[in-house]
Each structure stands twice: as structure tokens, then as C-alpha cells.
**Q** 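Below you will find the structure I want to go over with you.
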Amino acid sequence: MITSIIYFLQAANPNDDEFNLFLFTILILGIIFICISVLLAIAVAILILLFIFGLIAIGALSTSVIIGINKKSLTSGFRTFAIVFCTFAFGVMGCGTFWLTNRIIHWWSQTKSIFIGLTIGIISGFLTGILIAFVIKKFSNFLKQKLQK
């Protein structure tokens, strides 16, 4: 009996006709796809949370909520958010862009280029924020009129 068990264990594995390598490959690829999708979803969620925390950190979100509650108007809160966010974002982008351009072209000193880029970014961001708030207000009024008909 023991010798038959030893012979059975040492014998070559019988061919398994039920195993399909193609289906197994598709299974493994599906598992890999699911894992990558879950990791991407986690990464996107983390980026969204970081974006929201960044808005809170610069005060754009909390300021717009406070102004909206104080004036009892969602529109004024949104207008404040658009202006503050655009001003900050354009300030950072203008500062970085002008600094990088100055590194390539060498117009002014590094400090002066950062200050000029920041100033141009803040002014253009403020004007863009006002424009965006105005366009969205007009567009929302247009949609309200179309929905009421």
C-alpha cells in the first residue's frame, strides 16, 4: 500500500483536459484590470480630497460658504468662490509661468520675475473670476427661463 502511494506521487501528472490556458489568462487579466481600476479610483479620490483640502486651506471654500450664509444667497457665495479660486490659481500659474519664462529668456532678476508674474496672475485671475461668475449667472438665468416654459 505504501509503495503504491509512493509510485502514485512520483508518477507524472495526468493531463487535465478541463484546464484551459486561454480562460485562465483572461481570468488573470480581469483580476489585474480590477486591481488597476481600484488603484486608480483610490488615486482619484485622494486627488479630489487633496483639492478640497487645498481649497479649504487657501480659504476659498470656507469664505464662500460664510459669505453665502451671511448674505443668504447661494449666488453671492458662488461668486466669491469663483473670484477667490481664480485669483489664487491664476496667481500661482502666472508666477510659475513668468518665472520659467524668465529662466529661459533672462529679462529680470529671479525675485522681480516672481513678483511680476504673481501680480499679473492675481490681476488676470480676479478679472477672470468676475467674468466666470457673470457668465454662469447669465447662463443659469437662461436655463431657468427655458425650464419654466
**Q** Output all residues satisfying side-chain contact (heavy atoms from CB on, under 4.5 Å) with L147, sequence neighbours left out; order by chain, then residue number.
**A** none
**Q** Would you compute the distance between atom CD1 of I34 and atom CG of L29 and round it to the nearest 0.5 angstrom?
**A** 11.0 Å
**Q** Does anything in residues 99-109 pair up under side chain to side chain donor-acceptor pair (under 3.5 Å), and if so which pairs, sequence neighbours excluded?
**A** N102-S113
**Q** If you compare all heavy atoms of I132 against all heavy atoms of C86, which two are closest, and at what distance to 0.1 Å?
**A** CD1-SG, 3.7 Å
**Q** Using the ring-ring contact (aromatic ring centres under 6.0 Å, His included) rule, collect all pairs that involve residues 75-94, keeping only residues at least two apart or in two chains.
**A** F51-F85, F81-F85
**Q** Nearest 0.5 Å, what's the SG-CG distance between C35 and L40?
**A** 11.5 Å
**Q** Would I36 end up clustered with I28 when hydrophobic side chains under 4.5 Å apart are linked, directly or stepwise?
**A** yes
**Q** Side-chain heavy atoms under 4.5 angstrom apart, residues restricted to Ile, Leu, Val, Met, Phe, Trp, Tyr: same cluster for L143 and V135?
**A** no
**Q** With hydrophobic residues grouped by side-chain heavy-atom distances under 4.5 Å, do F98 and I105 end up in a single group?
**A** yes
**Q** Apart from F115 itself, what residues make up its hydrophobic cluster when side-chain heavy atoms of I, L, V, M, F, W and Y under 4.5 Å apart count as a link, directly or indirectly?
**A** none
**Q** Enumerate the ring-ring contact (aromatic ring centres under 6.0 Å, His included) contacts for residues 127-149, please, sequence neighbours excluded, ordered by first and then second residue.
**A** none
**Q** Quick one: closest heavy-atom pair of I114 and C95, and the distance?
**A** CG2-SG, 3.3 Å
**Q** Holding to ring pair (Phe, Tyr, Trp, His ring centres under 6.0 Å), I want the full list of residues that pass it with F22, two or more places apart in sequence or in another chain.
**A** none
**Q** Report the hydrophobic cluster partners of I122, with the cluster defined as I, L, V, M, F, W, Y residues connected by side-chain heavy atoms closer than 4.5 angstrom, directly or transitively.
**A** L118
**Q** Under the side-chain contact (heavy atoms from CB on, under 4.5 Å) rule, collect the residues that match up with F33, sequence neighbours excluded.
**A** S37
**Q** Give every residue pair that meets the side chain to side chain donor-acceptor pair (under 3.5 Å) criterion with at least one member in residues 120-148, sequence neighbours excluded.
**A** none
**Q** When Ile, Leu, Val, Met, Phe, Trp and Tyr are grouped by side-chain heavy atoms lying under 4.5 Å apart, directly or through other members, which residues fall in the same group as L47?
**A** none
**Q** Got a sec, which hydrophobics cluster with I66, joining ILVMFWY side chains under 4.5 Å apart, including via others?
**A** none
**Q** Run the side chain to side chain donor-acceptor pair (under 3.5 Å) test against T87 and tell me which residues pass, sequence neighbours left out.
**A** none
**Q** Verify the cluster assignment for L27 and V38: are they in a single hydrophobic cluster under the rule of side-chain heavy atoms below 4.5 Å apart?
**A** no
**Q** Of the non-hydrogen atoms in S64 and G77, which two are nearest, and what is the gap between them?
**A** CB-O, 3.0 Å
